[in-house]
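Inspection log for the structure reproduced underneath, given as structure tokens.
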2 protein chains.
Amino acid sequence: MKITTRSRYGTRMMVELAAHYDQGPLQIGEISRKQGLSVKYLEQLIIPLKRAGLVRSVRGPKGGHILTRPPEEITVWDVVSVLEGSKGVTLCVPNPDICERSHICPTRDVWSLVSKAIRETLSQITLADLVKKTKEVEKHFPEAGCPLEGEGQGADEPVDSSLTSG
Amino acid sequence: MKITTRSRYGTRMMVELAAHYDQGPLQIGEISRKQGLSVKYLEQLIIPLKRAGLVRSVRGPKGGHILTRPPEEITVWDVVSVLEGSKGVTLCVPNPDICERSHICPTRDVWSLVSKAIRETLSQITLADLVKKTKEVEKHFPEAGCPLEGEGQGADEPVDSSLTSG
DNA sequence: AAAGTTGTCTAATCAAAAAATATATTATAG
DNA sequence: CTATAATATATTTTTTGATTAGACAACTTT
């Protein structure tokens with residue numbers, strides 16, 4: 001029941017792209033620096049986001065990545081559902097057929113409701129909301145982004161591993 | 001973002017205990033047989049449930065386990081929160097202190113909302129609800145419980161492993 | 001009191017998935 | 001051309017979820 005780093009880092013990356021939306025392509029290296037996340041890992045995460053049509057990329061110098069739609073039109077659910085894949089909170093929720101009794105299983109209904117609650121929650125939050133909140137906060141705390149988020153570690157500045165263990 | 005077998009199997013066990021509530025202690029062996037779950041695993045899961053005061057146990061022959069409260073008064077959230085521990089959907093949600101910037105992190109708020117949505121959903125479902133649903137369904141399909149639930153495997157009858165992989 | 005049943009506890013093992021890293025290749029602006 | 005940045009693939013490392021094992025403790029029944 002843990003939200004994976006794929007979803008969390010991916011969302012942070014998308015928020016960076018959103019904040020940069022009207023300023024042309026943004027490079028992974030930039031995102032990495034600002035968010036303290038590994039370049040290599042972000043490169044992996046952006047592939048499914050591209051395939052899903054949320055991001056497009058420009059190669060070569062001055063290249064980078066840019067959202068295909070304005071941040072107001074991309075929800076966190078759009079991002080998370082792509083990065084989590086179609087696995088669902090339980091195998092039997094998206095694929096009832098793998099269990100012959102899915103249609104009579106009372107606990108399966110419970111997990112379906114959880115799945116629905118998550119989807120509905122995340123569908124109500126857009127990248128624009130998060131950018132806005134970031135900027136409001138930066139007025140009061142003039143330093144940049146969120147370098148850790150609990151356990152993310154800096155690309156160049158490894159963090160004390162006691163933070164990353166749990 | 002997967003619900004662990006701890007929560008799923010644990011909930012199924014608690015539903016069995018709920019169904020047996022007014023008939024004295026129920027043995028793990030029985031639950032294992034009816035639900036097709038490993039005795040050894042269930043034994044582990046029941047310990048935190050006891051510590052949390054949801055279950056009490058009777059040793060020796062004719063012993064077993066019994067809910068400390070009627071099924072109407074135990075929600076799925078009671079069960080799941082015990083079995084998942086206090087880890088939360090993200091480390092920084094229950095322990096803001098592990099990240100110096102939790103209070104200004106916009107994505108942390110998102111995961112907090114997810115956490116809240118899950119909690120509220122599961123708090124509205126009681127074990128009695130699930131027992132009731134089980135019995136309704138059994139009227140139409142006179143065979144017993146849900147042996148698989150997607151990937152749970154029978155204690156004595158191992159399932160084709162292609163089911164258990166994802 | 002003996003025997004046998006059931007729960008309790010700790011440890012060890014296994015497997016899968018998540019997370020992170022490495023290398024080589026392709027496109028393109030300048 | 002050359003430097004930059006994306007793309008693709010592969011590999012490694014780490015974590016943790018899941019499962020199994022065995023010794024021990026409590027209790028009921030006879």
- Message: Counting the atoms with a prime plus P, OP1 and OP2 as sugar-phosphate, which does B:I28 contact under 4.0 Å by heavy atoms, base, sugar-phosphate, or nothing?
- Response: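 Here B:I28 touches the backbone only, sparing every base.
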
- Task: Tell me what A:G64 touches on the nucleic acid: a base, only sugar-phosphate, or nothing, going by heavy atoms under 4.0 Å.
- Result: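 Sugar-phosphate, no base atom in range.
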
Whole Å only: how far is the [atom1] atom of [X] from the [atom2] atom of [N]?
{"X": "B:I31", "N": "C:dG7", "atom1": "CD1", "atom2": "P", "answer": "8 Å"}
{"X": "A:L91", "N": "D:dA18", "atom1": "CG", "atom2": "P", "answer": "11 Å"}
{"X": "B:K87", "N": "D:dT15", "atom1": "NZ", "atom2": "P", "answer": "15 Å"}
{"X": "B:R8", "N": "D:dG17", "atom1": "CZ", "atom2": "P", "answer": "13 Å"}
{"X": "B:K50", "N": "D:dA26", "atom1": "NZ", "atom2": "P", "answer": "12 Å"}
{"X": "A:E43", "N": "C:dA22", "atom1": "CD", "atom2": "P", "answer": "13 Å"}
{"X": "A:L42", "N": "D:dT7", "atom1": "CG", "atom2": "P", "answer": "13 Å"}
{"X": "A:L17", "N": "D:dA6", "atom1": "CG", "atom2": "C1'", "answer": "14 Å"}

Side-chain N or O of [X] less than 4.0 angstrom from OP1 or OP2 on [N]?
{"X": "B:S38", "N": "D:dT20", "result": "yes"}
{"X": "A:K2", "N": "C:dA19", "result": "no"}
{"X": "A:T4", "N": "C:dA17", "result": "no"}
{"X": "B:Y41", "N": "D:dG17", "result": "no"}
{"X": "A:S57", "N": "D:dA5", "result": "no"}

- Item | Residues within residues 18-26 of chain B bordering DNA chain D, heavy-atom distance below 4.0 Å |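 Those residues whose heavy atoms fall under 4.0 Å from DNA chain D, taken from residues 18-26 of chain B, amount to none.
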
Grab the N/O contacts between the protein and nucleotides 24-30 of chain C below 3.5 Å, and write none if there aren't any.
{"residue": "C:dT26", "atom": "O2", "partner": "A:R59", "partner atom": "NH1", "Å": "3.1"}
{"residue": "C:dA27", "atom": "O4'", "partner": "A:R59", "partner atom": "NH1", "Å": "2.6"}

- Worked verdict on A:T4 versus A:E84 for side-chain hydrogen bond (donor to acceptor under 3.5 Å, both in side chains): CA-CA 8 Å; A:T4 63; A:E84 294 291 327; 2.7 Å; yes

Identify the two heavy atoms, one from [X] and one from [Y], that lie closest to each other, and give their separation to 0.1 Å.
{"X": "B:V131", "Y": "B:V15", "result": "CG2-O, 3.8 Å"}
{"X": "B:P71", "Y": "B:T126", "result": "O-CB, 3.6 Å"}
{"X": "A:G53", "Y": "A:T68", "result": "O-OG1, 2.7 Å"}

- Item | Toward the 5' end of DNA chain C, by each residue's nearest nucleotide, A:R6 or B:G29 |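 Its nearest nucleotide lies further toward 5', so the answer is B:G29.
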
- Task: Specify the residue among A:E84 and B:R51 whose closest nucleotide of DNA chain C lies further upstream toward the 5′ end.
- Result: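 In this pair, the answer is B:R51.
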
- Item | Side chain B:S7, main chain B:I3, donor-acceptor under 3.5 Å |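 No: the side chain of B:S7 does not pair with the backbone of B:I3.
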
- Distance, nearest 0.5 Å, that separates OG of A:S38 from CD1 of A:I28: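 Result: 9.5 Å between the selected atoms.
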
- Task: Could you tell me the separation between the NE2 atom of B:H65 and the CG atom of B:L49, rounded to the nearest 0.5 Å?
- Result: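 Separation between the atoms: 10.5 Å.
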
- Knowing that exactly one of A:D78, A:L54, A:L67, A:L17 qualifies, which makes a side chain to side chain contact (heavy atoms under 4.5 Å, CB included) with A:L127?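 Option passing the side chain to side chain contact (heavy atoms under 4.5 Å, CB included) with A:L127: A:L67.
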
- Please, which pairs that meet salt bridge (Lys or Arg N to Asp or Glu O under 4.0 Å) have at least one residue in residues 45-73 of chain B, sequence neighbours excluded?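 For residues 45-73 of chain B, and leaving out neighbouring residues, there are no salt bridge (Lys or Arg N to Asp or Glu O under 4.0 Å) pairs at all.
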
- Message: Salt bridge or not between B:K135 and B:E138? Use side-chain N to carboxylate O under 4.0 Å.
- Response: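 Answer for the salt bridge query: no.
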
- Message: Quiz question: going by heavy-atom distance under 3.5 Å, is there a donor-acceptor pair between the base of D:dT20 and the side chain of B:Q44?
- Response: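 Indeed there is one.
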
- Message: Of the options D:dA18, C:dA20, C:dC9, whose atoms approach the side-chain atoms of A:T5 most closely?
- Response: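 The listed nucleotide nearest to A:T5's side chain is C:dA20.
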
- Message: Can you tell me which nucleotide in D:dT20, C:dG7, C:dT8 comes closest to the side chain of B:I46?
- Response: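 Ranking D:dT20, C:dG7, C:dT8 by closest atom to the B:I46 side chain puts C:dT8 first.
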
